[in-house]
Number of protein chains: 2
Amino acid sequence: MSLQGRQLKVKYAYYQVADEIQRQILDGSLKPGERLPGEVELAEMFGVTRSTVREGLRQLENDGLVHRPSPRRLEVSLPQMETLTTRNSRAMAMMRVSFRHLWQVALATEPLAADLAALLITEEEKVELRDIHAELLDSVTDVDRTIELDTRFHSFIATAAKNPALMLAREPVALLLYRGFAQVAPVSEIALSRQAEAHTHITDAICAGDRDLARTWGRRHIEDFWKAINKAGLADAPAIKSAEGI
Amino acid sequence: MSLQGRQLKVKYAYYQVADEIQRQILDGSLKPGERLPGEVELAEMFGVTRSTVREGLRQLENDGLVHRPSPRRLEVSLPQMETLTTRNSRAMAMMRVSFRHLWQVALATEPLAADLAALLITEEEKVELRDIHAELLDSVTDVDRTIELDTRFHSFIATAAKNPALMLAREPVALLLYRGFAQVAPVSEIALSRQAEAHTHITDAICAGDRDLARTWGRRHIEDFWKAINKAGLADAPAIKSAEGI
DNA sequence: TCGCCATTAATGTCTGACAGTCGGACACAA
DNA sequence: TTGTGTCCGACTGTCAGACATTAATGGCGA
C-alpha cells in the first residue's frame with residue numbers, strides 16, 4: 001500500500017484563472033499599477049470563456065489585488081487598508097466579539113501606537129492631530145460625531161506611527177471598540193470629561209516626543225474606557241448586536 | 001460655483017445582488033448555516049440573469065459570508081479565521097512590511113496571548129500545548145519544520161487565550177514574523193537554544209497559570225527574536241521579498 | 001427501520017449577442 | 001496653447017440559451 005491518497009482539490013476554471021493571475025502578482029511578475037489585458041484577451045490566453053474569466057477577476061477585485069479605475073481599465077493594485085479593515089471588522093461583528101475581547105487587544109495596541117507616534121510623528125501631522133483633537137473637544141454635544149472623531153483621533157495616531165502591520169492589527173478592533181462609546185456614554189457622564197483630558201495628555205505627549213508619557217496616557221485612556229464599559233455592564237456583551245452598517 | 005459634484009457611484013447589478021444578500025446576512029435575517037436558494041431562483045428573485053447572480057455570489061463566497069460545502073449547496077457561513085489571516089498576511093507582504101514593523105506588533109500581542117492563555121487554558125489544551133512543544137524540541141534539524149511548529153506553538157497559545165479579536169490581530173503578523181526565522185537561523189546558532197529555553201518557560205508558566213511569568217517570558221522570547229533579526233541585519237528588510245506562497 | 005440506487009435538478013462552463021460608454025484621436029475654436 | 005465638439009473603435013456589463021456532469025433526494029428493497 002504505497003499509493004499516496006493526497007486529497008486533490010478540485011479546481012474550477014474560474015478559480016484557476018484567479019489563482020494564476022494572483023500568482024503572477026504575488027511573485028512580482030505583475031507590478032501594482034500595471035495594466036492587464038481585456039477580458040476577451042485573457043479568455044483567449046487561458047483558453048476559457050469570458051464568463052469564466054470574469055468570475056475569476058471578481059475574486060481578485062474583491063481581494064484588492066486588481067482594481068478598475070474605470071470599467072475599461074483593469075490594473076494591478078495594492079490591497080487598500082480600508083477594505084481590509086472593513087472586512088475584518090465585519091467578521092468580528094459576526095463572531096460576536098465582546099467588549100472584553102476588543103479591550104484586551106486595544107490595551108496592547110493603543111499604547112504602542114501612541115509610543116511610536118511620539119517617536120515618528122512629523123510636524124505636519126502634529127498640526128493635524130491638534131486639529132482633530134480640537135474638533136473633538138467641540139463635539140461633546142453630538143455623540144455620533146464624537147465617536148467618529150474619537151475613532152479618527154486614534155486612527156490618526158496609528159497612522160503617525162507608520163507601521164502598516166500595526167494599522168492592520170488595530171483598525172478593525174478600534175473601529176468596533178470606539179463605536180461602543182455610544183452604549184457607554186449615556187451611563188457615565190464623567191467618561192466624557194476624563195476622555196477629553198486623556199486625549200489632551202496624549203496629544204501633548206506625542207507632540208512633545210515623549211514616548212513613555214504617550215504610552216502611559218494611551219494606556220490610561222483605554223483603562224478608563226474599560227471602567228466605563230464595566231459600569232455599563234457591557235463587558236461580555238457583543239460589541240455589535242447585528243453587524244449591519246459596517 | 002454652487003454646483004455640487006457629488007461623485008455618484010454607479011452600482012452594477014452584480015454588486016447590488018451581493019450587497020442585498022450581504023445586508024440580509026449582516027442584519028441577521030439570514031443566519032449562518034442557513035441554506036440559500038439556487039442560482040436560478042435567486043436570478044428570478046432579483047430579476048437578473050444567472051451570470052449576474054454568479055458574479056455577485058463570488059464576492060460573498062470570497063468574503064466568507066456564504067460558502068459551498070459542495071457545489072450543490074450554498075449556505076450562509078461565518079468568515080473563517082484562516083481566510084482572513086491569509087488575506088491580511090498577503091496584503092502585508094505586498095506592502096513590504098519590515099521585520100521591525102512585525103516585531104513591534106508582536107511585542108504587544110504575544111505577551112498578551114501568553115498572559116490570557118495562562119488564565120484561560122483548559123486541561124486538554126495543556127496537553128496539546130506540551131505535545132507541540134515536545135515536537136518542536138525534536139525538530140531542530142529541519143528548519144522548515146521548526147518554523148511550522150513554532151508558528152503553530154504561538155498560534156495555539158493564542159487559541160487558548162480565547163479571544164477572536166486577538167487572533168485576528170496577531171495571526172497575520174505572526175505568520176510572517178515566524179517565517180522570517182528561516183532567514184535568521186543561519187546567522188545565529190544560539191538563537192535555537194535560547195528559543196527552546198523560552199518556549200519551555202512559556203509552556204510551564206501557562207500550564208501553571210502564572211500570568212505574569214507567561215507574559216514576561218512571552219516578551220523575552222520576542223525580544224530575543226529581535227536581537228537575532230538585528231544581528232542578521234534584517235531589521236528594515238521586507239519580511240517577505242515576494243509574496244508568493246501565502 | 002436502514003442502506004442502496006436511480007432520477008432530478010443545479011452547477012460549472014460555453015456560445016453568442018447587444019447596448020452603453022469609455023478611451024483615444026482628430027479637427028476646430030478661443 | 002488649451003479647451004471643446006465630434007467620431008470611431010473597443011470593451012464591459014448584462015442578457016439568453018444550452019449542455020455535460022454530478023450531487024442531493026426520494027423511492028425501493030432488505
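By convention in this document, chain letters (A, B, ...) are assigned in the order of the sequence lines, proteins followed by strands, and residues within each chain are numbered from 1.
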| Nearest-Å distance, CG (Leu74(B)) to P (dA24(D))? | 13 Å
| Does Ser89(B) use its side chain to pair, donor to acceptor, with the backbone of Thr86(B) at less than 3.5 Å? | no
| task | Could you tell me the separation between the CG atom of Leu42(A) and the P atom of dC14(C), rounded to a whole number of Å? | result | 14 Å
| task | Starting from the 5' end of DNA chain C, give me the residue, Arg72(A) or Ser51(A), whose nearest nucleotide shows up first. | result | Ser51(A)
| request: Take atom OH of Tyr14(A) and atom P of dT11(C), then tell me their distance rounded to the nearest Å. | output: 12 Å
| task | Ignoring the backbone of Arg68(B), work out which of dG12(C), dT14(D), dT12(D) is nearest its side chain. | result | dG12(C)
| said: Consider salt bridge (Lys or Arg N to Asp or Glu O under 4.0 Å). Of Glu44(B), Glu39(B), Glu55(B), which one does Arg50(B) pass it with? | reply: Glu39(B)
| note | Checking Thr83(A), Asp63(A), Asn88(A) against Arg87(B) for side chain to side chain donor-acceptor pair (under 3.5 Å), the one that qualifies is Asp63(A)
| request: Can you tell me the distance, in whole Å, between the CG atom of Leu36(A) and the C1' atom of dC11(D)? | output: 14 Å
| request: Please state how far atom CD in Glu39(B) lies from atom P in dT13(C), giving the value in whole angstrom units. | output: 11 Å
| field | Distance-only donor-acceptor test, Arg50(B) side-chain atoms vs dT13(C) base atoms, 3.5 Å | value | yes
| request: Round to a whole Å and report the spacing from CD of Glu61(B) to C1' of dG12(C). | output: 12 Å
| task | Nearest-nucleotide wise, let me know which of Arg35(B) and Thr52(B) is further upstream toward the 5' end of DNA chain D. | result | Thr52(B)
| task | Compute whether any side-chain donor of one residue and acceptor of the other, for Gln16(B) and Glu20(B), lie under 3.5 angstrom apart. | result | no
| request: Please check if any side-chain donor atom of Thr122(B) sits under 3.5 Å from a side-chain acceptor atom of Glu125(B), or the reverse. | output: yes
| said: Regarding Arg54(A), tell me which of base, sugar-phosphate or nothing describes its non-hydrogen contacts under 4.0 Å with the strands shown. | reply: base
| said: Strictly below 4.0 Å: does Ser70(A) bring a side-chain N or O up to OP1 or OP2 of dG23(C)? | reply: yes
| request: Rounded off to whole Å, could you give me the CD-to-P distance for the Gln16(B) and dT14(D) pair? | output: 8 Å
| message | Whether Arg58(B) contacts dG12(C) is assessed here as follows: a side-chain N or O lying under 4.0 Å from the phosphate OP1 or OP2. Is that the case? | response | yes
| task | Tell me which nucleotide among dT12(D), dT14(D), dC14(C) gets nearest to the side chain of Thr49(A). | result | dC14(C)
| Relative to the 5' end of DNA chain C, which residue comes earlier, Pro71(A) or Glu55(A), by the nucleotide with the nearest heavy atom? | Glu55(A)
